[in-house]
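In this chain, residues are counted from 1 in sequence order. When a ligand or atom number is given, it counts from 1 through the structure's own listing order.
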Amino acid sequence: MASATASISSHSAVPRDVKERTGLNFPLLFVRAAARIGIVRQQVAAAPSAAAARGQRARAVRPLRAAEPGRQPVSASAAAAAPVAPVAEEVPVAAVPAAVDYEALAHELEGASPLEIMDRALAMFGSEIAIAFSGAEDVALIEYAKLTGRPFRVFSLDTGRLNPETYQFFDKVEKHYGIRIEYMFPDSGEVQTLVRTKGLFSFYEDGHQECCRVRKVRPLRRALKGLKAWITGQRKDQSPGTRASIPIVQVDPSFEGLDGGAGSLIKWNPVANVDGKDIWTFLRTMDVPVNPLHAQGYVSIGCEPCTRPVLPGQHEREGRWWWEDAKAKECGLHKGNIEKENQAAPTANGNGNGAGAADIFQSQAVVPLTRTGIENLLRLESRSEPWLVVLYAPWCPFCQAMEASYVELAEKLAGSGVKVAKFRADGEQKPFAQAELQLQSFPTVLLFPSRTARPIKYPSEKRDVDSLLAFVNSLR
Ligand code: SF4
């Protein structure tokens, strides 16, 4: 590859040109970020041929570990498809400081640009870090990595169930950046057992976790066992339920890295603080290829049977596993996000601590229901008025997050004939709520219509006043 190293000042035509073309602020951010980094190594001074670029990249890539210790080796077809090129000298294994305080580092980088964060991650981990690429707008990570001028690796999980457009997009990205994506495949024996015993679409009947475990989580675990760090495209705005407090960098709470054991893997989230719209501005500005599914209304992109377009105003996670409870929408790749919530429920049986957690939804407009009260509501074949009830736990951060909108809703509905109530469903009430009230996670909102015996569960994770009001008014 014809590459050159130059200071940003000698390549200032890049951002200026972009600014002239777009009139957007990004180039200024780029210059500032690059200036803070010190030097940006431009590898595109003379455009390499695609073949030459691929060759260079192939030499720069070490294959991800083929098999997880103690597990079956990867299937023959998968192994054949995996790259086997040796590690190149120009992708150094960076000397990582023995003890890094990642909490402090995350704090330090909180205001840094994605480019700076990417540069820091690649500088720290060299060939022992890789970008996890899903085939969606996280292609921005690859663009940022390219802009650092450092060598980088990219891996992706080929579940076997992706949309054809996503496969075509992978190919386009490889050609555009002159890279080979390191695909990870599910174990063929495990897929065979799952499909032969439960069919091709078992996830619609008994939840997506089992299939995701086979097709995504275990291949990911194998990939990560060959690394010391990984880079994800998680953003706080992607899921108010599970991604609201993602740090820029963290010790991975769920997976192990090359050295094995807890704390052996570092997870970088360079775009954690970036809004989806800003990612798209960046992609457009930099003329980055994007998955054609986005033009068909897909925002979040995953496997074909489990992803659908969303309507304007719908949250992007509503397009994933839409038949399931809203808050459990993590496939297991980032399950630490969910575990955080569970940690907030301190007792071993998951019943919540109760003690010390101040009660919430405290308003005269919200009726607190006892167990007997809600059992009575359940028993009534025909109620004189509809009831809206939130099943909650006061320690749950998602319940706390909807407190203001629920109280506002209750005050709006006061005198309208609709009763608004709450039932604390953690602790010893939890088994009852799970069995009788469709509780899967907190908060669960139920409408007991006036003339229907069965309560109707609010299906969306949009918990603003207008959405809840629309639900009540359409079913009361
Ligand atoms: S997203 Fe759907 S098809 Fe893909 S692994 Fe998960 S359950 Fe299976």
Is any N, O or S atom of His208 under 2.8 Å away from atom 6 (Fe) of ligand 1?
no

Is there an N/O/S atom in Cys303 at a distance below 2.8 Å from atom 8 (Fe) of ligand 1?
no

Suppose I only count heavy atoms of Phe203 and a 4.0 Å limit; which atoms of ligand 1 are within that range?
3 (S), 7 (S)

Evaluate Glu143 against Leu283 for side chain to side chain contact (heavy atoms under 4.5 Å, CB included), listing each step before the verdict.
CA-CA 8 Å; Glu143 180 69 18; Leu283 295 176; 5.5 Å; no

Short list, please: which atoms of ligand 1 are under 4.0 Å from a heavy atom of Cys306?
1 (S), 2 (Fe), 3 (S), 7 (S)

Is a donor from one side chain sitting under 3.5 angstrom from an acceptor on the other, for Tyr392 and Glu403?
no

Interfacing atoms of ligand 1 (cut-off 4.0 Å, heavy-atom, Lys216)
1 (S)

Which is closest to atom 5 (S) of ligand 1 by heavy-atom distance: Gly160, Cys212, Pro219, Pro186?
Cys212

Ignoring hydrogens and geometry, is there a side-chain-to-backbone donor-acceptor pair from Ser405 to Arg463 under 3.5 Å?
yes

Is a salt bridge present between Lys198 and Asp206, judged by a nitrogen-to-oxygen distance below 4.0 Å?
yes

Could you check whether Glu137 pairs with Arg235 (Lys NZ or Arg NE/NH1/NH2 to Asp/Glu carboxylate O, under 4.0 Å)?
yes

